[in-house]
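Notes follow the structure.
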Amino acid sequence: MKNFTYKSPASLKDASQLLGDDWSQSIALAGGTDLLNLMKNEVETPTRVVNLKQIKELNKIEYNSGYGLKLGALATIAEIAAHPVIKAKYRVLHEAAREIASPQLGNMGTLGGNLCQRPRCWYYRNEFPCLRKGGDICYAIDGKNKFHCIIGGGPCFIVHPSDMAVALMALDANVTIFDGEKNHTVPISEFYLLPEQDMYRETVLKPGEIVTHIYVPDVGSGEKSGYFKFKERGIWDFAVVSVAVMLRKKGKTIREARVTLGGIAPKPWLEPHVSENLINLVPDEDNVSAICDQSLRNAFDLGQNGYKILLAKNLMKRMILKLAS
Ligand SMILES: Cc1cc2nc3c(=O)[nH]c(=O)nc-3n(C[C@H](O)[C@H](O)[C@H](O)COP(=O)(O)OP(=O)(O)OC[C@H]3O[C@@H](n4cnc5c(N)ncnc54)[C@H](O)[C@@H]3O)c2cc1C
Ligand code: SF4
């Protein structure tokens with residue numbers, strides 16, 4: 001690991017100033033569970049690390065009926081998984097947080113860090129000077145691409161790694177960002193970028209900007225949500241494919257639906273065909289299967305990852321039917 005200076009400011013303004021305007025020089029640290037690995041492997045080589053953990057206003061989880069849920073960026077994965085209101089009302093977020101890695105990681109890893117963690121592509125994480133690191137080749141195209149994306153990729157084919165981001169997309173959450181002077185809020189659907197929009201960054205964050213909170217709208221009556229993650233190993237692991245579904249029903253009819261997939265695209269993938277076609281449907285196995293079978297039309301097989309197309313369709317079907325019953 002390269003030498004760096006360590007700062008621990010107590011205010012957002014000081015933290016943003018210390019972060020400055022050059023990604024390569026100064027970087028934010030929350031739980032450190034992703035960043036320290038990247039620094040050890042010299043994928044990130046900052047000269048200054050800015051610890052956010054002294055900024056107390058970023059710790060809280062608050063819920064107000066009628067308003068919704070406000071999650072501080074420093075709330076830990078374990079706190080989110082154990083929170084009684086999240087467990088009772090925001091099932092999809094509870095289930096996603098519960099699925100993330102080990103208890104040790106849950107205790108250290110934060111929401112902000114989970115949403116902003118860097119891609120897991122093994123070429124990126126190791127000593128390959130690929131496109132995302134400023135090189136001129138994507139090694140995944142002719143290399144090992146079993147876990148790479150099937151949609152939204154090119155010229156880089158990463159998949160987005162965060163379980164909670166996929167769940168928060170199904171809940172239509174908003175991300176609040178401090179830019180050094182003031183806060184602004186973006187829908188989580190606009191927070192993430194595809195490689196064709198930015199080859200080197202996965203979010204809209206600019207240098208010096210800090211995620212402060214995530215807002216999730218209050219749960220409406222008749223609303224149900226859930227998360228399912230397919231993993232290669234039976235123990236804690238990143239999603240091969242995951243699905244987050246929010247359905248709001250009135251009587252037997254679906255009135256609102258948001259179906260999001262993880263592990264298939266460079267960002268959490270809101271599947272518009274499925275979400276739109278579920279509305280005003282009285283769901284049964286046949287009509288839900290037909291809708292899911294018609295989804296992901298632009299998906300492509302890089303050579304070793306085509307199995308994800310059928311897997312994603314089947315996971316959507318399964319979760320929609322489970323919630324609709
Ligand atoms: C073995 C292992 C297994 C894992 N399995 C899973 C899994 O199954 N599912 C899953 O979702 N994740 C998984 N992860 C990833 C893990 O969830 C993340 O490492 C963790 O959530 C990152 O949080 P952190 O607070 O430690 O972030 P850090 O490591 O401190 O930071 C991560 C990145 O986010 C940036 N950052 C942090 N906070 C902010 C903020 N408030 N504003 C702006 N930028 C910020 C940092 O600059 C850095 O680039 C796994 C990690 C490991 C090591
Ligand atoms: S998928 Fe992206 S991160 Fe991975 S090797 Fe290709 S360019 Fe690099």
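Atoms within each ligand, like the ligands themselves, are counted from 1 in listed order. Keep in mind that this is a model prediction, so the values were computed, not measured.
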**Asked** Does the distance from a Lys or Arg side-chain N to an Asp or Glu carboxylate O, for R258 and D172, drop under 4.0 Å?
**Response** yes
**Prompt:** Below 3.5 angstrom, do we get any N/O pair linking S162 and ligand 1?
**Reply:** no
**Fill in**
shortest atom 24 (P) of ligand 1-to-protein heavy-atom contact is with G31 N, 3.5 Å
**Complete:** Residue, atom and distance of the protein heavy atom nearest atom 46 (C) of ligand 1 read A28 O, 3.1 Å
**Prompt:** Using a heavy-atom cut-off of under 4.0 Å, does the side chain or the backbone of K229 touch ligand 1, or both, or neither?
**Reply:** side chain
**Asked** Should we count NZ of K53 as having more than 12 external heavy atoms under 6.0 Å?
**Response** yes
**Request:** Test salt bridge (Lys or Arg N to Asp or Glu O under 4.0 Å) on E181 and K13 and set out the steps.
**Result:** CA-CA 7 Å; E181 293 295 331; K13 196 157 181 116; 3.4 Å; yes
**Request:** Pick one of side chain, backbone, both or neither for how L36 approaches ligand 1, counting any non-hydrogen atom pair under 4.0 Å.
**Result:** neither
**Asked** Is the cationic atom of R91 (NZ for Lys, CZ for Arg) positioned less than 6.0 Å from the six-membered ring centroid of Y227 and within 45 degrees of its normal?
**Response** no
**Message:** Can you see whether D301 engages Y307 through a side-chain donor-acceptor pair at a distance of less than 3.5 angstrom?
**Reply:** no
**Request:** Do me a favour and list the nearest non-hydrogen protein atom to atom 9 (N) of ligand 1 with residue, atom name and distance?
**Result:** D163 OD2, 2.7 Å
**Message:** Under 4.0 Å, heavy-atom basis, I'd like to know which part of T212 is in contact with ligand 1: side chain, backbone, both or neither.
**Reply:** neither
**Prompt:** Where's the contact between A30 and ligand 1, heavy-atom distance under 4.0 Å: side chain, backbone, both or neither?
**Reply:** both
**Asked** Between Y90 and S225, does any side-chain donor sit less than 3.5 Å from a side-chain acceptor?
**Response** no
**Asked** What atoms of ligand 1 come within less than 4.0 Å of a heavy atom belonging to A73?
**Response** 41 (N)
**Message:** I'd like to know if the side chain of R255 pairs up with that of N280 as donor and acceptor (distance under 3.5 Å, no hydrogens or angles considered).
**Reply:** yes
**Message:** As a quick check of understanding, evaluate side-chain contact (heavy atoms from CB on, under 4.5 Å) for S162 and N114, giving each step before the final call.
**Reply:** CA-CA 6 Å; S162 159; N114 188 257; 2.6 Å; yes
**Asked** Would E256 and R248 pass as an ion pair if we require N to O under 4.0 Å?
**Response** yes
**Item:** Closest contact, heavy atoms only, F238 versus K229
**Value:** C-CE, 3.9 Å
**Request:** Carefully, step by step, assess K317 and D293 under the rule salt bridge (Lys or Arg N to Asp or Glu O under 4.0 Å).
**Result:** CA-CA 9 Å; K317 259 181 232 177; D293 288 344; 3.1 Å; yes
**Complete:** The protein heavy atom nearest to atom 28 (P) of ligand 1 is G32 N, 3.5 Å
**Message:** One residue to check: P161. Relative to ligand 1, which of side chain, backbone, both or neither has a non-hydrogen atom less than 4.0 Å away?
**Reply:** backbone
**Message:** What I want to check is whether the side chains of T47 and Q25 have a donor and an acceptor closer together than 3.5 Å.
**Reply:** yes
**Request:** Report the member of L52, T110, V211, L111 with the shortest heavy-atom distance to atom 39 (C) of ligand 1.
**Result:** L52
**Prompt:** Against heavy atoms of N114, which atoms of ligand 1 measure under 4.0 Å?
**Reply:** 10 (C), 11 (O), 12 (N), 17 (O), 21 (O), 22 (C), 23 (O)
**Message:** Assess whether a salt bridge exists between R132 and E202, defined as any Lys/Arg side-chain N lying under 4.0 Å from an Asp/Glu carboxylate O.
**Reply:** yes
**Prompt:** In terms of residue, atom name and distance, what is the protein heavy atom nearest to atom 15 (C) of ligand 1?
**Reply:** Q117 OE1, 3.2 Å
**Item:** Shortest protein contact, atom 35 (C) of ligand 1 (heavy atom only)
**Value:** C116 CB, 3.7 Å
**Asked** Salt bridge check: are E99 and K231 linked by an N-O gap of less than 4.0 Å?
**Response** yes
**Asked** Out of curiosity, is K231 lining ligand 1, as in a heavy atom under 4.0 Å away?
**Response** no
**Request:** Name the closest protein heavy atom to atom 1 (C) of ligand 1, giving the residue it belongs to and the distance to 0.1 Å.
**Result:** L105 CD1, 4.1 Å
**Request:** Would you mind checking which non-hydrogen protein atom is closest to atom 20 (C) of ligand 1, with the distance to 0.1 Å?
**Result:** T33 OG1, 3.2 Å
**Prompt:** Would you call D34 and R120 a salt bridge, using N to O less than 4.0 angstrom?
**Reply:** yes
**Message:** I need the atoms of ligand 1 closer than 4.0 Å to a non-hydrogen atom of D237, numbered in the order shown.
**Reply:** 8 (O)
**Asked** Does the side chain of N183 pick up a donor-acceptor pair with the side chain of T176 at under 3.5 Å?
**Response** no
**Message:** So for F238, does at least one of its heavy atoms come nearer than 4.0 angstrom to any atom of ligand 1?
**Reply:** yes
**Item:** atom 8 (Fe) of ligand 2 - number of protein N/O/S atoms closer than 2.8 Å
**Value:** 1
